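From a predicted model like this one, the values you see are computed outputs, not experimental measurements. Starting from 1, each residue takes its place in the sequence as its number.
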Amino acid sequence: MAVHVMGSYGVVIPAFNAAATIADTLRSVAAQTIGADAIVVVDDGSTDDLEAAIAVADIPVRLLRQDNAGPGSATTRGMGALSTPLIATLDADDLWLPTKIEAQLAHLERSPRTAGVFTHLRNFRHDRPDLPDAAATPGWSRSTMMIRREVADIVGPVVDPPGGRGEMIDWIARVREAGFVLDMLDEVLALRRIRPGSLSYGRDAARDRGYLEVARAAMLRRARNKPGSG
């Protein structure tokens with residue numbers, strides 16, 4: 001599917017009890033070599049003082065609030081609040097490296113049929129400094145994603161599965177099924193924080209149920225879309 005429009009970008013950060021990390025995350029956004037037109041933080045029913053932590057960063061932010069509904073719901077709400085032709089998303093405890101956005105904008109400029117572009121990322125521990133030589137992986141995730149606005153408009157909301165994990169796997173799969181082209185940059189341009197207590201930390205049978213649900217949903221979609229399925 002062909003996509004169009006280049007230009008400015010906005011940032012969406014869903015946040016739940018992220019007071020300990022949000023200032024660092026916002027500073028990594030502000031440090032980009034090409035600045036954002038808008039930064040939207042969606043407070044997903046936090047019980048800590050997220051607003052005060054945002055104020056510490058002293059960076060212009062539009063703060064939205066909702067009852068706790070999950071990171072997918074908060075991401076969708078943030079996307080809807082932006083009017084920029086490009087949208088970048090970021091978890092509230094992760095970081096961008098300074099040239100992330102510049103590299104993604106250049107790639108989209110060179111590749112007008114690409115609907116979204118991701119980057120490699122590497123993990124770092126919350127209580128330790130980043131190790132630049134640590135292993136990196138392709139980051140098919142919220143914290144590396146930049147998409148064109150029409151992708152969100154056509155694909156629809158990011159849906160939180162039971163357990164609260166796997167919503168981006170599901171959404172990215174739906175983007176591909178809609179015919180959009182997604183690319184991956186080889187360069188490490190984002191850092192994923194490993195922090196005990198975070199939504200994605202460690203194995204958790206109840207939370208991991210979400211991965212099974214999104215796999216099941218993908219199989220059902222393929223069956224429905226199979227030629228001759230009625």
Sequence neighbours left out, what passes side-chain hydrogen bond (donor to acceptor under 3.5 Å, both in side chains) with [X]? Give chain and number order.
X	result
Asp160	none
Arg176	none
His107	Asp183
Thr21	none

Between [X] and [Y], is there a donor-acceptor pair closer than 3.5 Å when you use the side chain of the first and the backbone of the second?
X	Y	value
Glu167	Val159	no
Arg193	Asp93	yes
Arg192	Arg122	no
Trp171	Ala152	no
Arg174	Ile169	no
Trp96	Ser143	yes
Tyr9	Leu105	no

Which residues pass the salt bridge (Lys or Arg N to Asp or Glu O under 4.0 Å) test with [X], not counting sequence neighbours?
X	result
Arg77	none
Asp67	none
Glu102	none
Glu187	none

Looking only at heavy atoms, what is the nearest atom pair of [X] and [Y], with distance?
X	Y	result
Ala36	Val11	CB-CG2, 3.8 Å
Leu90	Leu95	CD1-N, 4.3 Å
Leu185	Gln104	CD1-CG, 4.0 Å

For Ala53, what residues pass the side-chain contact (heavy atoms from CB on, under 4.5 Å) criterion, not counting sequence neighbours?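 side-chain contact (heavy atoms from CB on, under 4.5 Å) check on Ala53 returns Ala19, Ile22.
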Can you tell me how far the OG1 atom of Thr119 sits from the CE atom of Met184, to the nearest 0.5 Å? 7.0 Å
How long is the straight-line distance from CD1 of Ile147 back to CZ of Arg149, given to the nearest 0.5 Å?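 If I round to the nearest 0.5 Å, the distance is 8.0 Å.
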Might you confirm whether atom CG of Asp58 has over 12 heavy atoms from other residues, nucleotides or ligands at distances under 6.0 Å? no
Counting only heavy atoms not in Arg221, do more than 12 fall under 6.0 Å of its CZ? yes
Do Asp94 and Thr25 have side-chain atoms, one donor and one acceptor, less than 3.5 Å apart?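 Absent: no donor and acceptor within the cut-off.
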Find out whether [X] and [Y] are in side-chain contact, i.e. whether some heavy atom of one side chain is under 4.5 Å from a heavy atom of the other.
X	Y	value
Leu182	Ile172	yes
Ile39	Val29	yes
Leu97	Leu191	yes

Considering only residues two or more places apart or on different chains, which pairs with a residue in residues 136-161 satisfy ring-ring contact (aromatic ring centres under 6.0 Å, His included)?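 Output for this query lists Phe118-Trp140.
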Keeping to residues at least two apart or across chains, list the salt bridge (charged side-chain N to carboxylate O under 4.0 Å, His left out) pairs with something in residues 36-46.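 Sorted pair list comes back empty.
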Are the charged groups of Arg148 and Asp153 less than 4.0 angstrom apart, N to O? no
Would you be so kind as to tabulate the donor-acceptor pairs closer than 3.5 Å made by side chains of residues 81-89, with sequence neighbours excluded?
residue	atom	partner	partner atom	Å
Thr84	OG1	Gly10	N	3.1
Thr84	OG1	Leu86	O	2.9
Thr89	OG1	Arg142	O	2.7

